[in-house]
Q: 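Quick one: this structure, given as structure tokens, is what I'll be asking you about.
So that the names make sense, note that chain A is the first sequence line, chain B the second, and so on, each numbered from 1.
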Amino acid sequence: MASVELDCKGLNCPMPIVRISRTMKELQVGDQLQVEASDPSFQSDIEAWVRKMGHDLKSFEESQGVQKVVLEKRA
Amino acid sequence: MSLTEDEIAKLVDRLVEERVSKRLASVEQDLAALRGMVTQGGGNVPEDRTTMVVFSGELDPLFGAFTIALGSVAMGMEVSMFFTFWGLNALRVSKKYAGKSIGEKMVAAMLPSGPKSVPTSRMNMGGAGPIFFKYLMGQRNVESLPSMIAMAQEMGVRMVACETSMTVMGITREELLPGVEFGGVATYLDDAARSKVTLFI
């Protein structure tokens, strides 16, 4: 299973989820996507996004204004 | 009259067959009726689609409209945007005067020539407002309106320009972004009636 990193720091809504959805399309089921973001609405948005798209949010961490998430692609 | 065992078996088979097919016929009829209801209902189940009427032509509402459009695509949804009246400013790529009436020329002169030069709905301050807001947006790395429009088109957002408001505003097809479709209220309602999210901006 591949693991891909995506830097969304400095991007504002809606760009983080736009970039994430584009990158996720290129991945295979089971692949992981690690994202770093600084958009203040990112936590709420990424949670809503995985709920809608059916992917897994494996982890969420935040430190010094940078939010790190690990997503796993589902079918 | 006496029947052989074989004949009795045949008679029983026939009777059973008759009764069963009679029962089955009514069940099949009910099933067909149900199927019809399901297909009819199926036509009314909303698609995973966002449909917007974009009526406003200022930077802030347009920014909102395209944020929702890009967000919808990112959420795996289809998007339709219907541009009418001032909203048509978002789709303009050029300004033409040739072949227009005096009234149309006046409207053309007063309207912004495209998404780069739209005013803000508040604090426009004779054009200083948009410059200031664009500066702030650039500073904070917020995507610009023209780049959001380009992205929306690239991501397959359906963009339809309202022909009647184009006529009223004296805007020709050649002045709008290539790839934009043209239609009327029925085109909008057809998409809106099948959408989970509908907005008027």
Q: Determine whether more than 12 heavy atoms belonging to other residues, nucleotides or ligands lie under 6.0 Å from atom NZ of A:Lys9.
A: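 Yes, NZ of A:Lys9 has more than 12 neighbouring heavy atoms, counting only those of other groups under 6.0 Å.
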Q: Any chance you could measure A:Lys52, atom NZ, to B:Asp48, atom CG, to the nearest 0.5 Å?
A: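 One finds 3.5 Å between NZ of A:Lys52 and CG of B:Asp48.
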Q: When rounded to the nearest 0.5 angstrom, what is the spacing between CD in B:Glu143 and CG in A:Leu11?
A: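 That separation rounds to 7.5 Å.
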Q: Counting only heavy atoms not in A:Phe60 (residues, nucleotides, ligands), do more than 12 fall under 6.0 Å from its CZ?
A: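 Atom CZ in A:Phe60 is packed in, count exceeds 12.
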Q: Quick one: what part of A:Arg22 sits under 4.5 Å from any heavy atom of chain B, side chain, backbone, both or neither?
A: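 Just its side chain gets close to chain B.
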Q: To the nearest 0.5 Å, what is the distance between CE on B:Met75 and CG on A:Asp45?
A: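 Here the rounded value is 7.5 Å.
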Q: Under 3.5 Å, side chain of A:Asn12 to main-chain N/O of B:Asn141, donor-acceptor pair present?
A: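 At least one qualifying donor-acceptor pair exists.
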Q: Would the number of heavy atoms belonging to other residues, nucleotides or ligands and lying under 6.0 Å from NZ of B:Lys116 be above 12?
A: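 Open.
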Q: Please indicate whether B:Met125 has more than 12 foreign heavy atoms, meaning atoms of other residues, nucleotides or ligands, lying under 6.0 Å from its CE.
A: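 Atom CE in B:Met125 is crowded, with more than 12 foreign heavy atoms closer than 6.0 Å.
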Q: Using a 6.0 Å cut-off, check whether atom CH2 of A:Trp49 has over 12 heavy atoms from anything other than its own residue.
A: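 Yes.
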Q: Would A:Met15 and B:Met148 count as a side chain to side chain contact (heavy atoms under 4.5 Å, CB included) here? Give the steps.
A: CA-CA 10 Å; A:Met15 292 319 293; B:Met148 290 179 96; 5.7 Å; no
Q: Write down the atom of B:Leu70, the atom of A:Pro14, and the distance for their closest heavy-atom approach.
A: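 Nearest pair, atom of B:Leu70 first, then A:Pro14: CB-CG, 4.1 Å.
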Q: With a sphere of 6.0 Å drawn around OH of B:Tyr97, does it hold more than 12 non-hydrogen atoms of other residues, nucleotides or ligands?
A: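 Count over threshold, so yes.
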Q: If you define the side chain from C-beta out and look only at heavy atoms, does anything of B:Val73 sit under 4.5 Å from A:Ser21?
A: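 With C-beta onward as the side chain, the pair stays apart.
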